[in-house]
Amino acid sequence: MKPTRPTNPGAAGEPSADVRETGPPGGGAERPGAAGPGGAAGSAEHYLEVADLSVAYRTAGGEIPAVRGVSFGLEPGSKLGVAGESGCGKSTVALALLRLLPASARISGRVLLEGEDVLAMRWGRLRAVRWAGASIVFQGAMHSLNPVHRIGDQIAEPLLLHDRAGPAQARARVAELLEQVGLPAWRARSYPHELSGGQRQRAMIAMALACRPRLIIADEPTTALDVMIQAQILRLIDELVTDLGISMLMISHDLTVLADTCDRLAVMYAGRIVEEGPADDVFAAARHPYGAALSAAFPRVGDPSSRRAPRGLPGDPPDPAALPSGCAFRPRCPEVQERCAEVDPVLWPAGPRRSAACVRVLSPEQARAAGVPPAPAEEAGTGPAAEGEPRADRDPQAAARPQPQPEEM
Amino acid sequence: MSRAALVWTRRRRALAGYARAFAGNRGGMAGLAVLVLIALTALSAPLFIDDAALSLTGAEGGRFQPPGPDYPLGTDAFGRSVLDLVVWGTRISLTVGFLAAFVSVALGTLIGVVAGHFGGWTGNVLMRVTDWFAVLPALVMAVALAAVMTRSTLTIIIAIGVTAWPTTARVVRAQTLAVEARPFIERARALGGGHAHVMLRHVLPNVMPVVLAQTTLLVAEAILMEATLAFLGLGDPGTISWGGIIQEARNAGAISSGIWWYMVPPGIAIAVVALSFTMCGRALEGVLNPRLRERP
Amino acid sequence: MDTASRAPAGRTAAGPPRRGRPGLHPAVRYLGGRVITALVSLLAVMVTSFFLFRVLPGDPVAALTQGRAVSVDQLEAMRRDFGLDQPLPQQFLDYCLGMLTLDFGMSYEYRVPVSELIAERIGPTLLLAGTGTVLAAMLGLALGTRAGWRRGSLMDRVDTGLALTLWSVPSFWLGLLLIVLLASGAGLFPTSGMSTPGVEGAFNVALDVAHHMVLPVATMVAVVYAQYMMIMRSSVLDEKGADYLTTARAKGLRDAAVLRRHAVPNALLPTVTLIFLNLGRVVSGVILIETVFAWPGLGSLFYSGLRVPDLPIVQALFVVFAGSVIVMNLLADLVYPLLDPRVRT
């Protein structure tokens, strides 16, 4: 066992010890592998590191891929947003992180939580990590809370389980948590149906904070709420996560929600991350046509560029059982090229700390190095249409400087 | 292609899909196979069993002869072959089972569709009546009916049919409401379709699959109920039925004197037929109600 | 939204809004509604019982004595005894007034008030039906939960197959079979009745009754548990995909705890109602089992009443049987709020 792990249920009795333990953001620590299994508390560079995560559902008609090789990292205290249409695999990623997918799902790759591979854990260890190491704020709190148990009991459940708290201790902590999320303490005695949607989501957040996890996975936390409540809940999550130094993975179909809350953004399409980078940059100037379409679909309030008519995207996401050849986005792409049918794009560097899975971000040299056929315009020798050029006005350095992309390696 | 042909094609395709799904259900297929076998036996029984062997006076065997080469299942109190009796009993069991289920399903479908279609006051009253009938213990009701009417097979059919319909009515009403919420009903109404037109041409065909599954399950219950009534001595004294054989065995003292071959075979026959119908019904239900179907 | 909009006062106050807000209407209205519905059903049952045996094909005396040699004098006597010489409305009025005062008339066979017979026989029936139902419900719920949670497993298939097979077996036949095998054959259990004459002492009597109960209760449980099991199984299946179970798993609960603490309480809600609604079958089962085992309860009284025929007994028991189902349904409605907080408020 790892006695030094703050998330170990046996060691989590001391309040807030694990919360303060968050390492300096971006602090250059050793790679998780070098830290060794016992040295996890010495803090890896990433609290969470996902490498080549793939999920396929076994069905009568063969395996259907839902997530196809997703990699990302999450530094302690940082916030990553994952965006995409429904069915792109983003919720599957969220559930795969704690192995909560149904038995028909086949997961491969690595999910390192503080250097320890969640996918390789024994059940007992996995149960100990669940909620104490990483908790989840589910979407639609109406259904995610048990209708026949009181709110307080549901919040106290992980406390009794992981922190071995006594009933009185748990009750005090529940009151404290409810207060933290802006609910009166007596609400502990209410049942979910007695609360409004926003209140339920607050209770859900209190529950997620219960064991002082260092990572919160927020899966569409505001989707079922109306706009005013949505803003309140987002602000609450943002404040709490920032104050407590918790890392957060937030998943939403709404790019504005993520851009407002998160440091970095990843855009998913057909089971893959197609664009990744600093939230503001991705939102303002996506390098992948799909990312661009998404950000155009959700104009940010107060953003002058949002006065442009929002651009909807024709068509539907592809059937995961029958993906098109080459780039999965090809059939819907407004800027599709001939070579898109041949190349299966991976995340290529696309600017400072950015990457995108689109052949258009590659300079001719990079393309040659990656074995990608040249753009048609290049062959014709027409400069302005060449790759990288049209985007240079948005991000001058993008094409010029290849960037390291640690997550993809 | 005309619209009617289009609709027909769509329905046929749906039916083919159902058939495939049903074929994939092992329990359902086993039940169906057993039922086909039993139905064939029942139909061909007169070919190899003559009336004399079944009459109280004409039977050739001795009293309570144990199973042997001449009588595979032994003989009863009157020297009749128990095997012959059980085979012959299939006829009455299946007849009563099917007809009683048909009566109750017809009644239940009528009430369910009307209640679902009209809703409001009419629907409420009909459902109240249904609820109330559902409360009545079916056996007590059937026993009472069978007791006050002439002792005949028809009485048994009516007694079972009249008491078993509330379940069907509820299921059909729910299905009717679901069907009527679909847009094509709106269109049919807009095109001037009257109540009868909507109910007969649109609601009924869409409710039928559910009704079919319900019928299959009800046949099993009806067969059990028939046996029960016959056992209680409320059946037609002139016919041979499984419940009746068990009653005769009991009255003849077979229970205390250990003449097991008299009472065991008819009971097994009842259980096998009822189980087969139940398996078929559950398989049908699973096929028609995707929510119950095994996830891929 | 619902609560937020109707409880603003409660939110500013120090405590939650009291359940007993002005009027306390919801609970009272709920209970009142259920009780009235039950009373209406009971009335309908009484009416049915009356007309079923009188109005159907003409003369109940003739119908009930068919196939028997009865003299004209006897028929006349029966008519007078039943008050059948009175006009129908008068009969109905007498009947209703009688029912209200628990006066069900005189038994034709036993020559004592039917209410006395019922009072004497109701204990054994309650003992048998109660024990059987409780055991069957416990067995059914446990097996159904197991089967639903592990749907498609070998255990599920075996449990379900066995349950369906037992359900398909006629209860009277199973009872007879058990008698042949274990009572008249092996002599392990008494073949009939509820007690052995001459047994003294409370403890010995209890033991004797328990001994007599084994086979009838076993028969009843075997035939009845299947439906409880299938109901619970499908209700667990319904809950299986629920989001709150994912939450519970994400919290790190063991599979067994997810099932016991989260899935079962929710799956019980529809099951309890359906179990109570299915009590009609218990009544039927009791009639048959009492007949087979000569258990001195209401079921065998009903059966013998049918054979005599004893109209007052049959008529009264019809009301008692149907009434007990109505009462059970009412109980289900009263128990439900205890289980489901959503109905309570």
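Lettering follows sequence order; numbering is per chain, from 1. For the numbers below, each heavy atom of this structure counts, side chains included, while hydrogens, waters and symmetry mates do not.
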Where does C/Thr191 contact chain B at under 4.5 Å (heavy atoms): side chain, backbone, both or neither? neither

Look up atom CZ in B/Arg26 and atom CZ in C/Arg157, then write down how far apart they are to the nearest 0.5 Å. 6.0 Å

At their closest point, which heavy atom of C/Leu164 faces which heavy atom of B/Met279, and how far apart are they? CD1-SD, 4.0 Å

Please identify which of these residues, B/Ile270, B/Thr278, B/Val272, meets the side chain to side chain contact (heavy atoms under 4.5 Å, CB included) condition with C/Ser168. B/Thr278

Considering all heavy atoms, the nearest B/Ala227-C/Phe172 contact: O-CZ, 3.7 Å

Heavy-atom proximity to chain B below 4.5 Å, by part of C/Val292: both

Under a 4.5 Å heavy-atom cut-off, does chain B meet the side chain of C/Phe321, its backbone, both or neither? both

Interface check, chain B: of C/Thr291, C/Leu174, C/Val40, most non-hydrogen pairs under 4.5 Å belong to C/Thr291

Under 4.5 Å from any heavy atom of chain B, what part of C/Ser192 do you find: side chain, backbone, both or neither? neither

C/Ser171 portion near chain B, given a 4.5 angstrom heavy-atom threshold: neither

Counting heavy-atom pairs under 4.5 Å with chain C, which one of B/Leu224, B/Asp131, B/Val143 comes out on top? B/Leu224

With a 4.5 angstrom heavy-atom cut-off, could you sort out which part of B/Ile223 is near chain C: side chain, backbone, both or neither? neither

Heavy-atom pairs under 4.5 Å with chain B - which of C/Leu166, C/Thr48, C/Leu181, C/Ile287 has more of them than the others? C/Thr48

Would you mind reporting whether C/Leu176 and B/Phe231 have side-chain heavy atoms less than 4.5 Å apart? yes

Nearest 0.5 Å please: distance from the CD1 atom of B/Ile268 over to the CG atom of C/Leu177. 8.0 Å

Point-to-point distance, once rounded to the nearest 0.5 Å, from CG of B/Leu139 to CG of C/Leu288: 5.5 Å

Just wondering, more than 12 heavy atoms not from B/Arg91 lying within 6.0 Å of its CZ? yes

Stepwise side chain to side chain contact (heavy atoms under 4.5 Å, CB included) test for B/Arg250 and C/Trp173: CA-CA 10 Å; B/Arg250 188 175 183 233; C/Trp173 179 75; over 6 Å; no

